[in-house]
Amino acid sequence: MAEAHGTGDKSTLLQKKQALLNELRQSTDILKAIADPVRQDILMMFMIAKRLNVSQIVEQSPMSRPTISHHLKILKQAGIVDSRKEATEVHYWLTSENSVVTQLKRIIQAVEEIENDPAKPLDKGQH
């Protein structure tokens with residue numbers, strides 16, 4: 001028998017909400033890193049070029065070299081970009097494992113599971 005909206009298993013819904021919260025908390029560094037407009041601009045540069053060094057990024061940005069380096073450090077700490085020093089330049093690229101994309105997909109999936117859960121009330125007034 002199909003359950004009506006708002007009458008499903010509340011414990012399952014609570015488990016799904018906890019799973020979403022866990023995914024969000026595991027993704028805090030990623031979400032903070034991609035929230036900044038300067039870092040978004042840097043990420044867009046990687047949509048055109050596979051690898052860039054700081055000088056190449058600075059050429060395409062109004063920001064200073066130290067500022068760009070700071071933002072690249074944050075992106076690297078979040079696991080969004082990786083780097084390797086070659087001669088006198090450090091080259092950066094988007095991480096190949098796509099762990100960031102996978103993490104963001106898990107957040108979306110967790111949200112969709114909650115949205116489609118039959119135990120979710122139709123409106124805020126239902127408990």
| request: Go through the steps for Leu52 and Ile42 under the test side chain to side chain contact (heavy atoms under 4.5 Å, CB included), then give the verdict. | output: CA-CA 10 Å; Leu52 294 166; Ile42 292 170; over 6 Å; no

| query | What's the verdict on side chain to side chain contact (heavy atoms under 4.5 Å, CB included) for Leu43 and Leu94, showing C-alpha distance, side-chain angles and the deciding distance? | reply | CA-CA 8 Å; Leu43 290 174; Leu94 295 176; 3.8 Å; yes

| message | With side chain to side chain contact (heavy atoms under 4.5 Å, CB included) as the criterion, how do Arg51 and Trp93 come out once you've worked through the C-alpha distance, each side chain's angles and the decisive distance to 0.1 Å? | response | CA-CA 5 Å; Arg51 289 173 21 125; Trp93 60 90; 4.0 Å; yes

| request: List the steps and the verdict of side chain to side chain contact (heavy atoms under 4.5 Å, CB included) for Met45 and Ser61. | output: CA-CA 10 Å; Met45 292 177 198; Ser61 172; 4.2 Å; yes

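One finds the CD1 atom of Ile68 at 12.0 Å from the CG atom of Asn53 (value rounded to the nearest 0.5 Å). Note: Arg25 CZ to Thr28 OG1 = 8.0 Å, rounded to the nearest 0.5 Å. The line from CG of Asp117 to CG of Leu14 is 9.5 Å long, rounded to the nearest 0.5 Å. Distance check, rounded to the nearest 0.5 Å: CD of Gln15 to CD1 of Ile114 gives 11.5 Å. Distance check, rounded to the nearest 0.5 Å: CD of Gln26 to CG of Leu31 gives 11.5 Å. Put simply, NE2 on His71 and CG on Asp36 are 5.0 Å apart, with the number rounded to the nearest 0.5 Å.
Residues Asp82 and Thr95 approach most closely at N-CG2, 4.0 Å, considering heavy atoms. What you find for Gly79 and Val100 is that their closest heavy atoms are O-CG2, 3.4 Å. In terms of heavy atoms, Arg84 sits closest to Glu86 at NE-OE2, 3.2 Å.
Residues Val58 and Met44 share a hydrophobic cluster, clusters being chains of Ile/Leu/Val/Met/Phe/Trp/Tyr side chains in contact below 4.5 Å. Connection of Leu104 to Met47 is established within a shared hydrophobic cluster, with ILVMFWY side chains joined at heavy-atom distances below 4.5 Å, either directly or through further cluster members. Linking Ile, Leu, Val, Met, Phe, Trp and Tyr whenever their side-chain heavy atoms come within less than 4.5 Å puts Leu24 and Val111 in one cluster. In this structure, Leu13 is not a member of the same hydrophobic cluster as Ile108, with clusters built from ILVMFWY side-chain heavy atoms closer than 4.5 Å.
Residues meeting the side chain to side chain contact (heavy atoms under 4.5 Å, CB included) test with Val90, sequence neighbours left out: Ser83, Lys85, Tyr92. For Gln18, the side chain to side chain contact (heavy atoms under 4.5 Å, CB included) test picks out Leu21, Asn22, with sequence neighbours left out.
Between Ile74 and Asp29, the closest side-chain pair of non-hydrogen atoms is not below 4.5 Å. Between Arg39 and Ile80, every side-chain heavy-atom pair lies at or beyond the 4.5 Å cut-off.
A salt bridge is absent between Glu23 and Lys16: the closest approach of a Lys/Arg side-chain nitrogen to an acidic carboxylate oxygen does not fall below 4.0 angstrom.
With hydrogens and angles disregarded, a donor-acceptor distance shorter than 3.5 Å links the side chain of Ser64 to the backbone of Thr67.
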